[in-house]
Amino acid sequence: MDTSVSEESDSASSSNAEENHSKTVCKTLYECTSLESDSEFDEELCKKDIEEHLNTNPDVFKHCKLVMERHDKVYARPLDEPTLCIKISGRENVGRSFPGDDVCVEILNREQCPQEGEVIKGRVVGLINRDENSLTFICKMVEGNPKLVTPVNKHMTRIRTVQTKPDMGIVELRQYKCGLWVRKEFVNIAENQMLIVKVIKWEHGKTYPLGVVTHVIPECDALDEMLDIELGCKDTPPPFKLQPEDDKASDRMDLCDIITFTIDPPTAEDLDDAISVSEINCDRYQIGIHITDVASCISKDSEQDQFARLRGKTIYTPEKGDVTFMFSRELSNDHLSVLPEKKRKAISLLIDIDKKTSNILNFDFAETLITSDRRMSYEEADQIIQKYCLDDTEPLRFSCVEDCVAVAYRFSEEHRKCRLEDGWLFGRQVGQSCSHAMVEELMNLYNSAAAEELISTDVTRDLTPLRCHREPDSEQLTQFKKKYVELIPMSPYFSNICEVDTEHKFTQSKDYYNLMQLIFSDEIHPTLIPMVREFRDIQKKAVILRSCSSMDSRLGHYDLQLNAYTWASSPLRRYLDIILQRLLHTMLSKKILKQADYTQVEINRFCQTGMDAEEKYDALVLRLKKVQFEPKDVVKLAVVDQLTPQGHEFTISFPLHSKLDVITIMYKQLKVVDQPSYNKEKNAMTLHWKRRVYSFSESFKNSYPLKPMKNVTSVSSNLWKRLVSAVKQQDWVKIEQCLRDMKKGEDEEKESVTNEACSTEQRHYKEPTMELKLGTVVQVQLGTELKDGFPVPVVQLLTVNQCFEICLEHTRNPIDCFSKTVCNASKPFYESYNEYQNIWSQLCQIDTAYNALEENNSIILEGVRITWNRDETNLQGFFYLTKTQKKQWSLEFDLRNCFLCIRLRDQKLKNSKSDPKHLDSSEILDLQGSLPFTWVAHAVTTKPRKPKNGDNQNKITFQITKISMSYIPPKVFEQGTNFTIEVIPKKIPVRENVIENLKRANNLVKNVATNQQLEELNASNLNLPRLNKSQQKAVEEAVKKPFTVIQGPPGTGKTVVGIHIVNWYFKKNQDFLASSKSFKANPDQKPPKKPAILYCGPSNKSVDIVAGELCLGVLKPLRIYCDQMEMREFPYTDSELKLCRKSLRDEKPKEDYRKLLKEAHKHEIQKYDVVLCTCSSALKPEILAVMDFRQILIDECAMATEPEAFIPLVSYNPKQIVLLGDHQQIRPIVQCALVKKMGMQQSLFKRYMNLATMLDTQYRMHEEICRFPSEEFYEGILKTGAERGPRYLLNKYGLPTAILFGHVQGKEHSLVVSTEKGNENSVANTEEAEQAVSQSLMLPSVHLRMIQAGAYLIKATKVIQSRKVGEFLLFLCCKNL
């Protein structure tokens, strides 16, 4: 154990607790010498018991492969019954499982569900096998702490990691040496960096597994690391040398002279298929489908074969082409890939076809030699098809490659008609071009023929892997028909599937293809999308089964309408296809009684691994689509994909853009004014906004569009059915009439604009709404953001209507948009107050940016003309706002202290290409074209020079903080361009100003900020009243010391202690006044400020109680409220209600009256000895002008952020400071996660807990109730000092008890967004509220009015739950009356 020495020496300076933790961790690591040991991941059953259960009770216990949807939700597929799906949910049933585990599953029950058919539920009872690679994960830190990480693939639970240093910005890396995980190094890490974590142990009873961090991923390497972890792509395929004796091709059919071509994406590297066309005679021709013969080069169990078997598939994405390969590039390029002018061995399907009827006359498989004449892209092939297939009445020609492409396309279309019969029009994928459809049909033909031949040959009859697809359950299909009885006739595809009577008269035309794609692709029509998605859900998933292994293996393929189907056409990209090629070689072998290369057991295993590889491939390609998203057109039309009544979000999908995955939009990011309203009958969610909108342009003021979007046209169901019928019949007269009717309806909608007189409220506010239903079309502008270390597409703008959009970029991430500050975490100690200022000013700026959006109080200015500085590297600008406009629009906030979202609508991208020839062939018709985008920039206003007297204009200057798009349209800098500016007022930057003014504070306040040593004051012995010992000690320290911290748990008399301290300070101030009067004042000097005491807190409630108690004594207390409350309670003459909901409620009085009011305030304030107010209200100029607060007490200081606590301290020069509170109760409320993590949530009170005097005797709770908080939060110190009366509650044994827990079965309702009714996620439970009131009324001598008066208290932790209690009490009061 030589590593233990280095472990202990590295942590010699750590605390005892850290050393113990380190030793425990080291011991754990030393024990983890083998990942395959049963003790590391032990389950309920050992392997011997598992084998016994599988053999003796196979109907209940199944050997399964796990597929994890979530860490607590998986499904298991039995290896011997791949069509069976066992659902496993709940942590207790999933156990300590990992993705891809081979496990033993016990079937618990089988249920019949209306929507899903038979549902089988089970639980994992034992581990059979686990791939060591499945224990390595790419993870992100939880709240920036590397001790707890979350895998980014979402299928795995959190992992606790070995970290022996508590620092947040440092991570400990470990490496495997000599059977031990030893420390490698400590490295600094940024907040969003990803980690590679290896799980080493998951002990029984532990919530999370234990892992070690092995690597920190640089941002530029995130994609490569993901591929390495997910697929093991780090290893390269082994090299290959073709042996001379293997290169014999004399027995092969030589087809090198026949015109042959390939069609592949331009980025593809492995070309494994080719097509040839040749004329046989005047009546027939031959089409050859050639697949490169990989099996002839790669022998079974060779080094190359083993590598390809482990990899399973070549990963290919349209964006980056081939990403990871099964075979080396030399092998592919020199021997296998069908490159132009290169002779290649192939296994070919040769099809003889009748020229007149296009019927297949004969087909045979053969071992061949081929040479490709041309490599084409799908775009090139489409151009040939469009040019050479205009008239299908012309005779077939075979003279050149173009002629042969046209012949192959015509045959593929005829074969599709024959295969799908009446459904042939619908057998294409969305967005599939002509060439795609041709290649797909020919490959389907090859695979189907291979399957038919193999299962018809004795030697391969029961050894062929088949791709089987069961038809939908008849009962589920019946329910589907009933549900969508109105929509099915609108869909030609579902009319055919559900056997709805329609006429089918199809005659194809040269230019019929695109129109057919448009009409018959249900996936792109918003109204039909929910129906399409539900039909997919009821369809069974295709599986791979060995032929003759079960009844399911004889199903054929329902979706393709084929009796047998397999995978044999992509041997360079899929390992299962190589197995099929070897079986084809066996079938074609001329040797008599040649045995197959595989056994039934091997084929069963390959069927399973083939499905696993396919699922892994699909999941990875989906993730690659996200992380490789590079929008060519940033504005897209999307449809609502998922919507739930109680959900906090909805998802949108992009039917016109298959490369885009669904995107989630949170309701809270839309900044709606009310909770989203759900209509159960319509299954719709209505969103409501209320925004103040003003315009510099007269034309905008009273007009507002009724039509939500100009890019969407509504079509009636009757008109759509007419169009579908016309297209089926190819009646071009009717088609043109339908299109004219659509255009007419679109023009009528464009003319729908409101232009009516409006009220004062309507003149200031616009209240747009949006109704969301499944299939609703929404227009969004996309951008990219980093998520889990990868760039992914996100919604930047959501268009509500032509004149109103929501910028989700700044609502989702205001810090990134409005703050360029890089912050450091707060510290317990600071070298100087300058260091304190640097750290806390940054934190306050970030928090201000976050909170400005939470206010949801923005104002939109239309038609703003901006003057720019034209420096794109440091973009600045300004615009003017007249004083008249500011008054008319009631802009009561400081425009020099705001955030701005600047938008310019209807812009075109540079070199935008909307011509069809430039479109990506993998997309469907460019139905929307290249939609204009909105240029977006975010800025912070700056303070310009003071305007000259008499200047009627306010100059608003700003500094750009973020521009998402690198391209800036030329119109941005053109004169006369009208911009839309969303103005987001900041809260008054009180905290920032306080931190800045710390340099002017006295030494006591600076020392409190930096945690420097504090000197004690000289004080005589005190004659304290009768208090308990801890209270007496607290009062004595407060009077003697310049800085005191007093912790007051609930009921310990913290308020009493505060009042006694105030009285002692009052006596000290009286003595100070008496001594200062002996000195004669200089008549030229200003009168001195009055020495007094400031008693403040973070909330009104924290000082109201003390104010009430002080009124009973000899002191003169003055309770001062904020301006908002004063204006509301005591409005002055001619005041008007302000439009800003969360700022001052009334207009300020006239200048003369304001001066008079200010002087009256000063005069009145000087009469009092103690001022009570909130921390923020202590900054009122009237107080600052006349009061000298020599002592400051901050009550409930543990609820205040540190900058908030310093507001009164920095504003005055106190000689003594007292902090009262309890950090074990409510913490400071900090919404921003970043500044919370950086220390904003730790109060000044908690930072000085080591100096605190605790009040240890409580008088509120019964001793039994007090016992738990005393032990849990106060280390058993808190004791009870008052006797309580008899206990009326009885426990389950009938004995009296002071505390009783009652279970109420009720339904919780949570708020989706933060509004004036409550914050997001605030929960109400009506049944619980009613039960609480009912139970309280059952207590002896308790009446309803006593509860209302506060004699008895019903507490609720959530705002809306408190309202429910209040509503129920009000109901009972009305009932009694």
CA sep, side-chain torsions, deciding dist, call: I984, L853, side-chain contact (heavy atoms from CB on, under 4.5 Å): CA-CA 7 Å; I984 305 162; L853 269 298; 4.3 Å; yes
To the closest 0.5 Å, what do you measure between OG1 (T1174) and NZ (K1180)? 9.0 Å
Judged by atom type as modelled, is there a donor-acceptor pair below 3.5 Å linking the side chain of D1222 to the main-chain atoms of P1050? no
To the closest 0.5 Å, what do you measure between NE2 (H1223) and CZ (R1247)? 14.5 Å
Might you point out which heavy atoms bring G1048 and L1255 nearest each other, and give the distance in Å? CA-CD1, 4.2 Å
So, does N1063 use its side chain to make a donor-acceptor pair with the main chain of I1059 at under 3.5 Å? yes
Can you confirm whether the side chains of D1195 and S1102 place a donor and an acceptor under 3.5 Å from each other? no
Using the ring of each side chain (for Trp, its six-membered ring), is F1268 parallel, tilted or perpendicular to F1273, with breaks at 30° and 60°? perpendicular
Test side-chain hydrogen bond (donor to acceptor under 3.5 Å, both in side chains) on S858 and E982; report intermediate values, then the result. CA-CA 6 Å; S858 62; E982 183 177 357; 2.9 Å; yes
Look at the side chain of K140 and the backbone N and O of Q193, then say whether any donor-acceptor pair between them is shorter than 3.5 Å. no
Minimum heavy-atom distance between V983 and F893, given as atom pair plus value: CG1-CE1, 3.8 Å
Near L1184 CG, under 6.0 Å, is it more than 12 heavy atoms from other residues, nucleotides or ligands? yes
If we ignore angles and hydrogens, is there a donor and acceptor under 3.5 Å between the side chains of Q1191 and K1068? no
Determine whether more than 12 heavy atoms belonging to other residues, nucleotides or ligands lie under 6.0 Å from atom CD1 of I1277. yes
To the nearest 0.5 Å, how far apart are OH in Y667 and CD in Q675? 11.0 Å
Any ion pair linking K962 and D816 (charged N to carboxylate O, less than 4.0 Å)? yes
Using modelled atom types and a 3.5 Å cut-off, is there a donor and acceptor pairing between side-chain atoms of R158 and backbone atoms of V149? no
Hey, does L808 have a side-chain heavy atom less than 4.5 Å from the side chain of V794? no
Might you work through the side-chain contact (heavy atoms from CB on, under 4.5 Å) test for T1055 and L1220, ending with a clear yes or no? CA-CA 9 Å; T1055 301; L1220 301 101; over 6 Å; no
Are R1119 and Y1121 in a cation-pi contact, defined as NZ or CZ under 6.0 Å from the six-membered ring centre and within 45° of the axis? yes
Could you give me the CA-CA distance, side-chain angles and deciding distance for V994 and L998, then say whether side-chain contact (heavy atoms from CB on, under 4.5 Å) is met? CA-CA 6 Å; V994 164; L998 182 62; over 6 Å; no
Taking E1202 first and then K1246, would you say they form a salt bridge - that is, a charged N and a carboxylate O separated by under 4.0 Å? no
Are K668 and E649 close enough, and set up right, to give a salt bridge (charged side-chain N to carboxylate O under 4.0 Å, His left out), and what steps lead you there? CA-CA 8 Å; K668 68 177 182 180; E649 73 280 321; over 6 Å; no
Where C1175 and I1194 come nearest, the two heavy atoms and their spacing: SG-CG2, 4.2 Å
Is there a donor-acceptor pair under 3.5 Å between the side chain of Q1031 and the backbone N or O of T1052? yes
Mind listing the closest non-hydrogen atom pair of I1046 and I1061 along with its distance? CD1-CD1, 3.7 Å
With a 4.5 Å cut-off on side-chain heavy atoms, are T811 and L670 touching? no
Verdict with reasoning, M1238 to S826, per side-chain contact (heavy atoms from CB on, under 4.5 Å): CA-CA 6 Å; M1238 290 295 177; S826 61; over 6 Å; no
Are T1253 and E1037 close enough that a side-chain donor and a side-chain acceptor fall under 3.5 Å? yes
When every non-hydrogen atom of M1240 is compared with those of T1201, the smallest separation belongs to O-CG2, 3.9 Å
Between E785 and R812, does at least one N-O distance fall below 4.0 Å, as a salt bridge requires? yes
Would you say S1211's side chain and I1207's backbone share a donor-acceptor pair under 3.5 angstrom? yes
Ion pair present between E1182 and K1158, side-chain N to carboxylate O less than 4.0 angstrom? no
Would you call the rings of F1189 and Y1212 parallel, tilted or perpendicular, taking 30° and 60° as the class edges? perpendicular
Between E835 and K827, is there a salt bridge with N-O shorter than 4.0 Å? yes
Looking at side-chain heavy atoms only, is the closest gap between N1069 and R1190 below 4.5 Å? yes
Please tell me whether F818 and H810 form a close aromatic pair, meaning their ring centres lie under 6.0 Å apart. yes
CZ/F1206 to CD1/I995 distance, rounded to the nearest 0.5 angstrom? 7.0 Å
Would you indicate whether the side-chain heavy atoms of R160 and K147 approach each other to under 4.5 Å? no
Side-chain donor-acceptor pair present, E854, N851, cut-off under 3.5 Å: no
Assess whether a salt bridge exists between K1090 and D1169, defined as any Lys/Arg side-chain N lying under 4.0 Å from an Asp/Glu carboxylate O. yes
Should P1214 and V1005 count as side-chain neighbours, where that means a heavy-atom distance under 4.5 Å? yes
Does a side-chain heavy-atom distance below 4.5 Å link Y1065 with V1170? no
Ignoring hydrogens and geometry, is there a side-chain-to-backbone donor-acceptor pair from Q1258 to R1260 under 3.5 Å? yes
What one should report as the nearest heavy-atom pair of P1117 and Y1168 is O-CD2, 3.5 Å
Taking the side chain from Q1216 and the backbone from V1039, do they hold a donor-acceptor pair closer than 3.5 Å? yes
Report the distance from atom CD1 of I170 to atom CD1 of I189, rounding to the nearest 0.5 Å. 11.0 Å
Interatomic spacing from CG in L1251 to OG1 in T1044 - rounded to 0.5 Å: 9.5 Å
Please tell me if the side chains of I1165 and I1120 come closer than 4.5 Å, counting only heavy atoms from C-beta onward. yes
Between N813 and Y850, do the side chains contain an N or O donor and an N or O acceptor separated by less than 3.5 Å? no
Polar side-chain atom of S1243 near backbone of M1199 as donor-acceptor pair, under 3.5 Å: no
Determine, for R991 against D847, whether the closest basic-nitrogen to carboxylate-oxygen distance falls under 4.0 angstrom. yes
Quick one: are I815 and C1232 in side-chain contact, heavy atoms under 4.5 Å? yes
Quick one: does any side-chain atom of N838 pair with a main-chain N or O of N834 as donor and acceptor, under 3.5 Å? yes
